[in-house]
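In this chain, numbering begins with 1 at the start of the sequence shown. Note that the structure is a prediction, hence the values are computed from the model and not measured.
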Amino acid sequence: VSQSRYSLKEKHVLIAKILYDRDGNIVLTKIIKSSDYSEVHLTFEDILSQFQIPNVPQELLDEDDQFTVYFTLLIN
């Protein structure tokens, strides 16, 4: 993540993995694919930090009482 300005004509695909606990709180966020533009990357991180999941279905939980969701953000 190095450049600070980006062109609106460029396509950006960002992918993240978020690990949640049984209460829907974020345990871990890992950016799998980011943008070369810091502004886009930071916006993606901000969006991800807001994804709390209430009322987690017990069927989604693994043996550690956690579950993983993958998010993809496509711009343009």
Side-chain angles (χ1 to χ4, degrees):
V1 181
S2 59
Q3 300 176 13
S4 62
R5 303 295 279 170
Y6 64 95
S7 168
L8 293 176
K9 295 178 184 177
E10 294 181 55
K11 185 178 275 190
H12 302 272
V13 178
L14 298 93
I15 302 170
K17 169 183 168 179
I18 300 182
L19 180 64
Y20 291 94
D21 67 14
R22 68 180 315 141
D23 298 318
N25 300 310
I26 295 173
V27 174
L28 174 73
T29 300
K30 180 175 180 169
I31 306 291
I32 298 170
K33 182 177 180 186
S34 188
S35 171
D36 291 333
Y37 297 93
S38 59
E39 202 171 309
V40 175
H41 177 89
L42 293 173
T43 298
F44 188 47
E45 284 185 342
D46 185 48
I47 291 167
L48 293 172
S49 70
Q50 299 176 41
F51 279 116
Q52 300 297 319
I53 299 179
N55 303 319
V56 177
Q58 296 300 305
E59 297 81 21
L60 294 179
L61 300 176
D62 64 14
E63 62 276 356
D64 297 321
D65 283 338
Q66 298 178 334
F67 68 102
T68 302
V69 177
Y70 289 85
F71 290 95
T72 301
L73 176 66
L74 174 62
I75 300 173
N76 292 342

Between CG on residue N25 and CG on residue L19, distance to nearest 0.5 Å: 11.0 Å
Calculate, to the nearest 0.5 Å, the distance between atoms CD1 and NZ belonging to I15 and K30 respectively. 12.5 Å
Separation between CZ of F44 and CD1 of I75, rounded to the nearest 0.5 Å: 9.0 Å
Separation between CD1 (I53) and CG (L60), nearest 0.5 Å, reads 8.0 Å
Please tell me whether I26 and L28 are part of a single hydrophobic cluster in this structure, the criterion being side-chain heavy atoms less than 4.5 Å apart. no
Test your reading of the model: is there a side-chain donor-acceptor pair from D64 to the backbone of Q66, 3.5 Å cut-off? no
Take I31 and L14 through the test side-chain contact (heavy atoms from CB on, under 4.5 Å) and record every step on the way to the result. CA-CA 8 Å; I31 306 291; L14 298 93; 5.9 Å; no
Which of these, V56, V27, D65, sits in a side chain to side chain contact (heavy atoms under 4.5 Å, CB included) with D21? V27
Answer yes if I32 and L73 sit in the same cluster of Ile, Leu, Val, Met, Phe, Trp and Tyr residues linked by side chain heavy atoms under 4.5 Å apart, and no otherwise. no
Within this structure, what is the OH-CZ distance for the pair Y20 and F51, rounded to the nearest 0.5 Å? 7.0 Å
Only one of E45, H41, H12 passes side-chain hydrogen bond (donor to acceptor under 3.5 Å, both in side chains) with S34, and that residue is H41
